[in-house]
Amino acid sequence: MRRLSARYIAGPELGDARRVVAGLNAAGKLATVDVLGEEIEHPAEARTIARSYLDALAAFHEDGLEANVSVKLTGLGLKLDRALCKSNLQSIAGRAQELGGRLVRIDMEDSSTTDATLELYRELRDEGHENLGVVLQAALRRTIEDARALAGANVRLCKGIYVEPEEIAFPDDESVRANFARALDVLLDGGCYVGIATHDLQLAEWGERLVSERGLTASEYEFQMLLGVRTELGDRLVADGHRLRIYVPFGRQWYEYSLRRLQENPKVAGYIAADTLNRVLPGNKVLPKRS
Ligand code: FDA
């Protein structure tokens, strides 16, 4: 597991994240850093994660790195104590603002947290934390409506990694893709700054077409990708003058994180297996099994 994870996770320590982000910046890429540890049981763990984010922000500021942070509200205590989660989020957002006006992106987790996540996002925005962004998942049927309600916001749009029931989510890849394209349109219509988060070549091209048709400059949107995934696509986007932000997870809970990603969505195991085989057996392109 450690060998498989090494490509997708910076390492266990903040120093690993600093080193990886510095390398990305040198290659013209921005970063968003995720402190691993969403499976928590005690308020003290939520405080520890929040502290790690404050340390990460201080380190990025000290090193002059182009990086912001991505937080998971369950990791900050959402399911233990909403008030604790809110106060953790407030302190991270406050510090991120002080240390270079950095954005705090609230990752979107499974559908049991969607309403609570959007609510907390809105509450903090209303309190004046303007450096907050959220995530919408194209897999969810509600997403177009959520996109309309988020006019003017900073929104990462992704497919959604969690396996959700068919009543609330599209069951097949084609519908998710179509909903992604539609949601991107709605978000751009609403004047949002969109993080187009995908490694799907078709969607990346669609994104490029939409931003070009609208005459957006490179500072009005960005592409986002996960560390270690389809780097050749990322390099091409950067070479073509787009902003690209790489999602960089780090932390001691790398093992739990890797295992959870595999459990949440078996498709990820297929990607990793195909990618590993392609590197071991170059020339024999192995395609991941579609779900
Ligand atoms: P698709 O699944 O079709 O992948 C295209 C190709 O990319 C695959 O064939 C494979 O080669 C490669 N690939 C994709 N994912 C891979 C992986 N994990 N490991 C190895 N190879 C992989 N989801 C969520 O629910 N909430 C969130 O907050 C976020 N945040 C987020 C941030 C960023 C920057 C990205 C890029 C993605 C997320 N996601 C997420 C995950 C997202 O919802 C989605 O599961 C993945 O991006 C895969 O979807 P694609 O659009 O890349 O297409």
Side-chain angles (χ1 to χ4, degrees), residues 7-11 14 16-36 53 56-57 59-61 63-72 92-93 96-97 99-109 121 130-138 150 153-161 180 183-184 187-188 192-201 203-208 210-212 216-251 257 261:
R7 188 179 167 83
Y8 307 107
I9 294 168
L14 174 57
D16 297 313
R18 287 169 104 150
R19 180 180 39 79
V20 168
V21 171
L24 291 168
N25 284 178
K29 298 170 186 171
L30 313 168
T32 186
V33 171
D34 166 39
V35 177
L36 299 178
Y53 274 108
L57 287 163
F60 302 153
H61 187 65
D63 294 356
L65 296 174
E66 291 262 25
N68 62 37
V69 290
S70 287
V71 301
K72 288 192 173 53
I92 296 169
Q97 185 58 39
L99 297 175
R102 294 168 199 265
L103 184 89
V104 176
R105 171 82 55 195
I106 309 174
D107 283 349
M108 191 57 84
E109 302 177 70
Y121 161 77
E130 286 180 11
N131 59 327
L132 279 180
V134 275
V135 178
L136 291 181
Q137 299 156 321
L150 281 167
N154 187 321
V155 181
R156 173 194 297 152
L157 178 63
C158 64
K159 284 188 182 174
I161 196 160
F180 190 113
L184 181 54
L187 290 168
L188 292 174
C192 291
Y193 179 96
V194 186
I196 308 169
T198 186
H199 319 91
D200 181 325
L201 302 180
L203 287 178
E205 275 168 23
W206 175 255
E208 283 182 283
L210 275 194
V211 297
S212 145
L216 297 182
T217 63
S219 61
E220 292 174 293
Y221 65 92
E222 66 190 38
F223 284 91
Q224 298 187 353
M225 295 174 65
L226 301 173
L227 182 67
V229 178
R230 292 216 161 152
T231 41
E232 66 293 346
L233 169 63
D235 291 342
R236 207 266 293 153
L237 289 169
V238 172
D240 287 350
H242 300 288
R243 256 186 185 178
L244 174 68
R245 190 174 301 275
I246 304 293
Y247 190 99
V248 179
F250 86 95
Y257 171 84
R261 290 289 94 80

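For reference, positions follow the sequence shown, starting with 1. Note that the coordinates shown come from a computational prediction; the quantities given were computed from them, not determined experimentally. Basis for what follows: all heavy atoms, side chains included, without hydrogens, waters or symmetry-related copies.
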Tell me every residue that passes side chain to side chain contact (heavy atoms under 4.5 Å, CB included) with A56, counting only those two or more places apart in sequence or in another chain.
L14, F60
Say you draw a straight line from [atom1] of [X] to [atom2] of [Y]; how long is it, rounded to the nearest 0.5 Å?
{"X": "L157", "Y": "M108", "atom1": "CG", "atom2": "CE", "result": "11.5 Å"}
{"X": "L132", "Y": "Q97", "atom1": "CG", "atom2": "CD", "result": "9.5 Å"}
{"X": "R7", "Y": "L226", "atom1": "CZ", "atom2": "CG", "result": "12.0 Å"}
{"X": "L216", "Y": "Y221", "atom1": "CG", "atom2": "OH", "result": "7.0 Å"}
{"X": "L201", "Y": "L233", "atom1": "CG", "atom2": "CG", "result": "6.0 Å"}
{"X": "E220", "Y": "L188", "atom1": "CD", "atom2": "CG", "result": "10.0 Å"}

According to side-chain hydrogen bond (donor to acceptor under 3.5 Å, both in side chains), who are the partners of [X], at least two apart in sequence or on a separate chain?
{"X": "E208", "value": "R236, H242"}
{"X": "S70", "value": "T32, R156"}
{"X": "N25", "value": "none"}

Determine the minimum heavy-atom distance between [X] and [Y], stating which atoms define it.
{"X": "P249", "Y": "L36", "result": "CB-CD2, 3.6 Å"}
{"X": "A218", "Y": "G241", "result": "CB-O, 3.5 Å"}
{"X": "C158", "Y": "V135", "result": "SG-CG1, 3.7 Å"}
{"X": "D200", "Y": "K159", "result": "OD2-NZ, 2.8 Å"}
{"X": "A31", "Y": "R245", "result": "O-NH1, 3.0 Å"}
{"X": "L227", "Y": "A10", "result": "CD2-N, 3.9 Å"}

Got [X] and [Y] here, is their nearest side-chain heavy-atom distance under 4.5 Å?
{"X": "D63", "Y": "V21", "result": "no"}
{"X": "T198", "Y": "W206", "result": "no"}
{"X": "L150", "Y": "Y121", "result": "yes"}
{"X": "V69", "Y": "R102", "result": "no"}
{"X": "T231", "Y": "M225", "result": "no"}
{"X": "Y247", "Y": "Q224", "result": "no"}
{"X": "K29", "Y": "D235", "result": "yes"}

I246/V20 under side-chain contact (heavy atoms from CB on, under 4.5 Å): CA gap, chis, key distance, verdict
CA-CA 10 Å; I246 304 293; V20 168; over 6 Å; no
Keeping the roles fixed (side chain from Y53, backbone from V35), state whether a donor-acceptor pair exists under 3.5 Å.
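Answer holds: yes.
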Determine yes or no for a side-chain-to-main-chain donor-acceptor pair under 3.5 angstrom, with N131 supplying the side chain and A93 the backbone.
yes
The criterion is ring-ring contact (aromatic ring centres under 6.0 Å, His included); which residues satisfy it with H199, sequence neighbours excluded?
none
List the residues meeting salt bridge (charged side-chain N to carboxylate O under 4.0 Å, His left out) with E66, not counting sequence neighbours, and say none if there are none.
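Testing E66 for salt bridge (charged side-chain N to carboxylate O under 4.0 Å, His left out), a comparison that skips the adjacent residues, returns none.
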